[in-house]
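Following: one structure in C-alpha cells, then a few remarks.
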Amino acid sequence: MKKLSLLLCGMFLFLQMVHSQVTTLVSENFDGVVTFTATNGLSAGWSANTTYSVSAPNSYHGTIPTSSGDSIILTSPIYDFSNYENVRLSFDQICKVASSDIARIEYRVDQMGPMGAWKEVPTSSYTGTGKFLNGIFSSSSYAIWDSTNNLATPTDAWWQTESFDMTNQVGYEKAQFRFVLKKGNVAGTNFAYGWLLDNFKIDVSAHIVAPPTVEVTSASTKGRQIYNGPFPVFVKLESNTPAAMLIPNLQLKLTYEGNVTYDSLPLTLVSGSTYTANVGPYLVGTRIDYKVTGSDAYGNTAEDSSYIIVGREGKHFYWRDT
C-alpha cells in the first residue's frame, strides 16, 4: 500500500510538472509602457490607438505611407529563447491594408554576438486561419476586412488572432521581431485605415507549443431560447500534441435580475472527441454565459464560449439581453 501511495504521488507530481511546461515569456498589450520601438516613415508612423482594442484601452496602429517604397517599422526587444526549443508567437490584428501594399513580419537571430539579417517569417510557420500569402497580410486575409472597399471603417468585430510556430526559426536562439508596413506602387491605398496590433505574446516550452482544439459546436444551444431548458451543450476537445487532453468542466456564469452566480458542470464523452453537458433548467429572464477551457498535459490551453438567454412571460415569450 505504501509503495502504491508513493507511486501515485510521483505520478501526480509528474503531471503537475508537465502541465506547467508552457510559459508565457513575453506579453505586450500596448497599454502601459510600450517595449517596442517605432521607426516612422516620411508621412506615416506607429502610435497608440484608443478607438479599437482587444485588451482595453489601447492597441497599436500603423498608418500607411503616402509615397511608394516608404515604410514604417515596429520592432520588439531582443528575447532570449536559449533554454527553450519550442516557441509560439501570437497576436491580435486588424490589417486594413490593400494587397498592393506590404504588411509583413520579420525576425532575426543572434549570430554569436551581432544580430543577423532580418528574414521574413515564412508561411510554413503560420498556424492561424487567415490568408498569409507570400508572407504578407492584407485586407484580403479575411472576408470581414472588406477588401473591395479601401475606405471601410473597422469595428472591434474585425479582430483576428494569429499564431506562428517559430520553433524552427528561433528555438534555442536569441531573437527579435518586427512588423513592417510598406507602401506599394498603387495610388490612393494610403487612405485605408492601416494595421492594428494588440496582445503580442510569445509562449515557450520544452515540449511542443500547440493549443488544443476547443470548440463549442454548432449542435449546442446558443442565443435566445423560448423554453427553460435543459439546454444541451456539445464541446469538441482534441489535443494537437502527443500529450493527452485534461477534460475540464463547463463553466457557467448565471445572471438573473442583476444577481450573478457561478456554477460548473462535468463534461461527459459522447463519441470520439465530443463531450456534452445539459445546462439548466433556469428561471425566465436568466442569462447563461458558458465557457470551456481545455488543456493538454503539456500545459497548452485554449477556450471557447457562448451564451443562452431564457425568455418567457406568462403565455408569451420575451427577449431580454442583460
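By convention here, the first residue in the shown sequence is residue 1.
Using bins of under 30°, 30° to 60° and over 60° for the plane-to-plane angle, the ring pair Trp195/Trp46 lands in the tilted bin. Taking the six-membered ring where tryptophan is involved, the planes of Phe81 and Tyr79 are tilted, since the angle between them lies from 30° to 60°. Between Phe36 and Phe179, the two ring planes are tilted [angle within 30° to 60°]. Between Phe137 and Phe132, the ring planes lie tilted relative to each other; the angle falls in the 30° to 60° range.
Between the CG atom in Asp70 and the NZ atom in Lys182 there is a gap of 9.5 Å [rounded to 0.5 Å]. Taking CG of Leu181 as the reference point, atom CG of Leu74 lies at 10.5 Å (rounded to 0.5 Å). Atom CD1 of residue Ile136 and atom CG of residue Asp101 lie 10.0 Å apart, to the nearest 0.5 angstrom. The distance from the CG atom of Asp110 to the CG atom of Asp80 is 8.5 Å, given to the nearest 0.5 Å. Here CG of Asp289 is found 6.0 Å from OG1 of Thr255. Values are rounded to the nearest 0.5 Å.
If you check the side chains of Ser163 and Thr127, you find a donor sitting under 3.5 Å from an acceptor.
For the pair Asp304 (side chain) and Val216 (backbone), a donor-acceptor distance under 3.5 Å is present. Under a 3.5 Å cut-off, the side chain of Glu28 and the backbone N or O of Thr35 do form a donor-acceptor pair. Using a distance-only test at 3.5 Å, with no hydrogens or angles considered, a donor-acceptor pair links the side chain of Asn300 to the main chain of Ala210. Between the side chain of Thr167 and the main chain of Gly171, no donor-acceptor pair closer than 3.5 Å is present. Within the 3.5 Å criterion, the main-chain N or O of Gly45 finds a donor-acceptor partner in the side chain of Thr63. Under the 3.5 Å distance criterion, the side-chain polar atoms of Thr221 are matched with a main-chain donor or acceptor of Pro232. In terms of modelled atom types and a separation under 3.5 Å, the side chain of Gln251 and the main chain of Ser264 share no donor-acceptor contact. At least one donor-acceptor pair under 3.5 Å links the side chain of Thr276 to the backbone N or O of Val233.
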inquiry  = Walk me through whether Thr50 and Asn58 qualify under side-chain hydrogen bond (donor to acceptor under 3.5 Å, both in side chains).
reply    = CA-CA 5 Å; Thr50 59; Asn58 298 335; 5.5 Å; no
task = Verify salt bridge (Lys or Arg N to Asp or Glu O under 4.0 Å) between Arg108 and Glu106, making sure each step is shown before the conclusion.
result = CA-CA 7 Å; Arg108 62 180 180 176; Glu106 298 179 343; over 6 Å; no
ask   = Can you check side-chain hydrogen bond (donor to acceptor under 3.5 Å, both in side chains) on Ser43 and Thr66, steps first, answer last?
value = CA-CA 6 Å; Ser43 59; Thr66 58; 3.0 Å; yes
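Under the 4.5 Å side-chain heavy-atom criterion for ILVMFWY residues, a single connected hydrophobic cluster contains both Val97 and Phe200. Residues Ile105 and Trp145 share a single hydrophobic cluster, defined by chaining ILVMFWY side chains whose heavy atoms lie under 4.5 Å apart. Hydrophobic clustering (side-chain heavy atoms under 4.5 Å, transitive across Ile, Leu, Val, Met, Phe, Trp, Tyr) keeps Ile208 apart from Leu89.
Clustering of Ile, Leu, Val, Met, Phe, Trp and Tyr by side-chain heavy atoms under 4.5 Å joins Phe234 with Val270. Taking Ile, Leu, Val, Met, Phe, Trp and Tyr as hydrophobic and joining them when side-chain heavy atoms fall under 4.5 Å apart, one finds Tyr172 isolated, its cluster having no other members.
Smallest separation of non-hydrogen atoms from Pro266 and Ala277: O-CB, 3.6 Å.
Asn199 is linked by a side chain to side chain contact (heavy atoms under 4.5 Å, CB included) to Asn29, Val54, Ser55, Asp92, counting only residues two or more places apart in sequence or in another chain. The side chain to side chain contact (heavy atoms under 4.5 Å, CB included) search around Ala152 returns Lys96, Asp146, Asn149, Trp158, not counting sequence neighbours. The side chain to side chain contact (heavy atoms under 4.5 Å, CB included) search around Ser305 returns Lys291, not counting sequence neighbours.
Counting only heavy atoms from C-beta outward, the side chains of Tyr262 and Val260 approach each other to under 4.5 Å.
In this structure, the ring of Tyr282 has its center no less than 6.0 angstrom from the ring center of Tyr256.
Listed by first and then second residue, the ring-ring contact (aromatic ring centres under 6.0 Å, His included) pairs that reach into residues 49-76 are Phe30-Tyr60, Tyr52-Tyr193, His61-Tyr193, sequence neighbours excluded.
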